[in-house]
Every structure is written in structure tokens, then in C-alpha cells.
Amino acid sequence: MISLRPNVRMGLVGLALTTAGMAASGEEPALKHVVPKGLLIGAAVSERQVDGRDAIARRVVTRHFNSVTPENLLKWRPIHPQPDEYVFEPADRYVAFGEDHGLTVIGHTLIWHPQTPDWVFVGKDGGRADRETVLSRMRTHIEAVVGRYRGRIHGWDVVNEALNDDGTFRETPWLETVGEEYIAKAFEYAHAADPEAKLYYNDYNLWKPEKRAAALRIVKQLRQRGLRIDGVGEQAHYMLDSPSIGEIEATITALAGSRVQVMITELDIDVLPRDPEMRGADLPKQAEFLAETNLYPNGLPKAQQEQLARRYADIFTLVMRHRDKLSRVTFWGVTDGQSWLNNFPLRGRVNYPLLFDRQGQPKPAFNAVVDVLKGS
Ligand code: G3I
């Protein structure tokens, strides 16, 4: 990890003094006003935020961000649960919300292995569907969803998480039924459905060299087939101490070397321990794991709060250093209370991975990020 530069250190020293006042007045600077020109700053939003049930987070989104990604509502299962049934209302509201507030609207995600209904891969006889059937369903889905928001959704995560950490293709029903070509087909269909939309490959742990190399192979192979890919997203579900800033930096420079837009697409920092023994599947041990690792049920102590702030400062120092290569940084969620990390890897832990607390107030990590952005 790189050390903080002096101005960042000074910013952190000042945190205790400034945070309380900012939280009370709600007059903290808007993130979108302090990011450099040309860098989008986004958040993944939920249905409840879009329709106003979560009014606190909705206000944070409209005040601080200039881009949105839908956390769940555009995934295949919610939007296309049955072959002849589409549920477009939440997505319609999401796109309109983005437009009403002048936000760059992202689509997430067309082809992924979770959140895809079983029927997509089931044939007439009840067994595995054949390649042509699955491809035809993929095409129908992409035409319907991308086509509906043509000209309104700026860019799509066309394929999400197709790779294992060792760089091999993940064994999913897509790979099993269609073969590796499913990736190219998804890009082909998405481009046909909206030729102006930007098309992305999105995955986590691209800081691991083998996985990153495999993502770059995907970019190369798509281009060799004459297909367009505009960007690669490193999801960036990080821990307090891993990956190192050097590993993240190597990811940004390597991806940028492939002449794609580089994006940080799902940034959050897990402050709780993961489970090295993978006790998640074993019920009695789950309780043990929960008790051992739900470390801060009543609030994040000052020391950890500052550690989180330093981690975010390090990451945004890097973002600023490579701002010519990055087109967007998106957080995976808005406030700590609704982050998926309260329910992963086990449900019911109290986590603190974002810049805004459960009341929608800026945390020391927010101020650290603002200090870095202003200092640069
Ligand atoms: O909406 C249903 C609700 O009707 C039902 O009662 C409830 C019961 O469990 O489930 C609700 O759906 C949940 C959904 O989130 C909305 O809250 C699903 O069970 C749950 O699996 C789903 O988790 C999402 C996960 O992707 C799987 O789709 C997380 O919120 C979301 O943050 C997470 O996001 C992914 C990115 O898309 C890709 N990268 C990794 C990232 C984190 O896993």
C-alpha cells in the first residue's frame, strides 16, 4: 500500500473536526462537483431508492452522483422471469429517474450466471436446452431489454463474471450450453439492439494477474471477430488491506493498455473478516462465524473509521493519478444500511463499506475522498 501524501494526511487529521459540522448542516461538497471533469462518479441504486421509499439514500444519490447503475432491477430474473413475461416498470422508473436528474444511466447486466431463471436453459424435453435454443433466448432477451432503452441507457455490462480467478472460463450454464462463443454472441446482439450504447465486460478480482490476462484475451478475441467492446469494469469489492494499491494500479494500467475505457464499477470496502474456512454451508458453524465476525454491531469505532478513510484516500489518490485512463468510479450502494455486504457472506452482519452512514450522513471516509479530490 502506498503511503498517504501530506495533504491527504492533513485532511485526515482534520476529519474529527469537520465531520460533525458537515453531517449536521448537510452542506458537504457534492462528490460530482469535486471529481475531475470527464470522470463519472456513480452509485448502484435499488428499486426502493428510485421510487422514493428509501428517501434518505435517494437524496444522497441526487446530491452526490452523476451516474447510476441498477443494483438488481435490470438483471434477467427480475425483468424477464418467464419466457413471455417482462416486468419493465421498475426499470422504466430507474431510467426515467436517471434522466430526470441528468445522470449517466448504466445497464447492469445482460448475461450473468446468477439471477438467470432456470427456464433459459431447459429444453422441450425437460433436459438441457440445445445451443441454438439458448442463443435464440439470449437474443430475444437482449433485443427486448437493450432495445427498449435504446438511446437512453448509456452503456451496458454485457457479460458479467465469465471468468474464474485462475483465468479459466467459469463453468456456467451459458458456457455449458453455448460454449465460449456466448460472450461474443452477447456483444453482437447488444450492439445490434443499440448501436450507440457502450458495451462493457465486468468482473471482480481483475487485480489478479491470471484473471486480468484472461479479461484482456476476451477484449482481443472480440475485436478479432470484428466486434466492439468499449470498456472493462473492475468491480472493486475490496477489503481494508487487500488488494494492495500496487495491484489495483497494475490493473488500471494493464486494462488501459488495451485501449478500452477502464472503470471501477462496484466499489466498496468490507470492514469485517471473511471466512477462511468457508463455514457458510455448515449451519452450526455459521452461527459461530457470525458471532466471531460481526465485530461492530453498534457502530464502527473511531480507529476502524479512520482506517476505512485512509483506505478510501489511498484508492482515490490512485484514481486521481490515473484519471486520464478511468472513465467512471461507481460505488456498490449508497448508504451502509442497504449494502449487500450486510448479507454476505452471511446474512445479518452489520457492515460499513460505503461513504455514507445509515442516516445518509457523510462518514470520515467521505471527507477523506473529498480531500483527495480537492487536493489534486
Ligand atoms: O427481491 C427479492 C425479494 O422479493 C425476496 O423476498 C428476497 C428473499 O431473499 O430476495 C430478494 O431478492 C434479493 C435481491 O438481492 C434484492 O434484494 C436476492 O435474494 C439476492 O440474491 C440479491 O442479491 C444481489 C446479488 O447481486 C445477486 O443478484 C445483491 O443485492 C447485489 O448487490 C449483488 O450485486 C452483485 C453484482 O450484480 C455483480 N457483482 C457482484 C455484486 C455483489 O454480489
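Worth saying up front: this structure is predicted, and the values here are computed from it rather than measured. Read the numbers this way: they start at 1 and go in the same order the structure lists the ligands and their atoms.
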Nearest non-hydrogen protein atom, atom 33 (C) of ligand 1: K75 NZ, 3.6 Å

Decide whether a cation-pi geometry holds between R358 and Y352; the criteria are a distance under 6.0 Å from NZ or CZ to the six-membered ring centre and an angle within 45° of the ring axis. yes

Is atom 1 (O) of ligand 1 close to the protein, meaning a heavy atom under 4.0 Å from it? no

Is the closest basic N to carboxylate O distance between E306 and K302 below 4.0 Å? yes

Shortest protein contact, atom 16 (C) of ligand 1 (heavy atom only): N72 ND2, 3.6 Å

When every non-hydrogen atom of R63 is compared with those of K32, the smallest separation belongs to O-CE, 3.2 Å

Could any protein non-hydrogen atom be found less than 4.0 Å from atom 6 (O) of ligand 1? no

So is R77 touching ligand 1 or not, going by heavy atoms under 4.0 Å? no

Would atom 37 (O) of ligand 1 count as contacted, meaning some protein heavy atom under 4.0 Å? yes

Within a 6.0 Å radius of atom CD on E196, are there more than 12 heavy atoms belonging to other residues, nucleotides or ligands? no

Any nitrogen or oxygen of R347, side chain or backbone, less than 3.5 Å from one on ligand 1? no

Going by a strict under-4.0 Å cutoff (protein heavy atoms only), does atom 30 (O) of ligand 1 have a neighbour on the protein? yes

Any idea which heavy atoms bring A91 and I79 closest together, and the distance? CB-CD1, 3.8 Å

Return a yes/no value: protein heavy atom under 4.0 Å from atom 41 (C) of ligand 1? yes

Can a side-chain donor-acceptor contact be found between T293 and R349 if the only test is distance below 3.5 angstrom? yes

Electrostatic pair K185:E188 at N-O distance under 4.0 angstrom: yes

Check whether any protein heavy atom sits under 4.0 Å from atom 11 (C) of ligand 1. no

Would F344 count as a contact residue for ligand 1, given that I'm defining contact as a non-hydrogen atom of the residue lying under 4.0 Å from a ligand atom? no

May I ask you to decide if L222's main-chain N or O and R228's side chain share a donor-acceptor pair within less than 3.5 Å? no

Taking only heavy atoms of E161, which atoms of ligand 1 are found under 4.0 Å from at least one of them? 38 (C), 39 (N), 40 (C)

Among non-hydrogen protein atoms, atom 32 (O) of ligand 1 lies closest to E71 OE2, 2.5 Å

Could you tell me whether E181 and R225 have a side-chain N and a carboxylate O separated by less than 4.0 Å? yes

May I ask you to identify the nearest protein heavy atom to atom 34 (O) of ligand 1, giving residue, atom name and distance to one decimal place in Å? W332 NE1, 3.2 Å

For atom 18 (C) of ligand 1, is the nearest protein heavy atom under 4.0 Å away? no

Under the 3.5 angstrom rule, does the side chain of K75 hit a backbone N or O of P70 as a donor-acceptor pair? no

Any heavy atom of N160 under 4.0 Å from ligand 1? The part involved is side chain

Are F97 and H101 close enough that their ring centers fall under 6.0 Å? yes

Looking only at protein heavy atoms, identify the closest one to atom 21 (O) of ligand 1 and say how far it is in Å. Q115 NE2, 4.8 Å

Closest approach of any protein heavy atom to atom 39 (N) of ligand 1, naming residue and atom: E266 OE1, 2.7 Å

When you measure from the heavy atoms of W112 to every atom of ligand 1, does any distance fall below 4.0 Å? yes

Ring centroids only, cut at 6.0 angstrom: are H80 and W119 within range, meaning strictly under it? yes

